[in-house]
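Notes to accompany the following structure.
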Amino acid sequence: MNRPLLRLTGAATALYGLAVTRRPALLARPSGLTGPAGEVPPAVAACVRPLAFRDAACGLAMLLAPDDASLRTATLIRIASDFGDAALLATALPRRRHRAMAVVVSVGWGALSVVGLLRPDAPADRS
């Protein structure tokens, strides 16, 4: 497992999750879920924020995992979340381009975590 890559992925995921929690438009806009003036309807914000909290929690778990077993578990949860997002958003978003973008982004983040699990640390990175 490539610990530095997984911890960096966790940190990025946590930061993004916290940012979306604060500003749901960061996820709603590229997903095509904003209103005509670009506003985020309250119902959309209410659905986006729990996903953002989940991402923040998974990312923090990856970043702060005290041992390899915990890091592996946190990463597997992250992978399941990303691939689950891809599967659900592929049919749920309003426009084809939004669906395609959501799938690419979700699968991309999930694949990065898979690479982190499968790729070994560089010899100097092993703890």
query = Just how far is it from atom CG of Asp82 to atom OG1 of Thr13, taken to the nearest 0.5 Å?
reply = 7.0 Å
request  = Following the transitive rule for hydrophobic clusters with a side-chain heavy-atom cut-off under 4.5 Å over Ile, Leu, Val, Met, Phe, Trp and Tyr, establish whether Val44 and Leu93 coincide in one cluster.
outcome  = yes
inquiry  = Is there a continuous path of hydrophobic side-chain contacts, each under 4.5 Å between heavy atoms, that joins Val105 to Leu18?
reply    = no
key: Minimum heavy-atom distance between Pro50 and Ala45, given as atom pair plus value   = CD-O, 4.5 Å
ask   = With hydrophobic residues grouped by side-chain heavy-atom distances under 4.5 Å, do Leu89 and Leu26 end up in a single group?
value = yes
key: Asp121 versus Pro4, closest heavy-atom pair with distance   = OD1-CD, 3.2 Å
query = How long is the gap from CZ on Arg72 to CG on Asp67, to the nearest 0.5 Å?
reply = 9.5 Å
ask   = With a 4.5 Å limit on heavy-atom distance, are the side chains of Leu5 and Val115 in contact?
value = yes
ask   = Sub-3.5 Å donor-acceptor pair from the side chain of Arg7 to the main-chain atoms of Ala65, do we have one?
value = yes
ask   = Just how far is it from atom CG of Leu27 to atom CG of Asp55, taken to the nearest 0.5 Å?
value = 8.5 Å
task = Measure the CZ-CZ distance between Arg54 and Arg78 for me, rounded to the nearest 0.5 Å.
result = 5.0 Å
request  = Establish whether Ile77 and Tyr16 are linked, either directly or via other cluster members, by ILVMFWY side-chain heavy-atom contacts under 4.5 Å.
outcome  = no
query = Under a single-linkage rule joining Ile, Leu, Val, Met, Phe, Trp and Tyr whose side-chain heavy atoms are separated by less than 4.5 Å, which residues share a cluster with Met62?
reply = Met1, Leu6, Leu71, Leu76, Ile79, Phe83, Val103, Val107, Val114, Leu117, Leu118
key: Straight-line distance of Arg49 CZ to Arg23 CZ, nearest 0.5 Å   = 11.0 Å
remark   = In this structure, CD of Glu39 is separated from OG1 of Thr34 (nearest 0.5 Å) by 7.0 Å
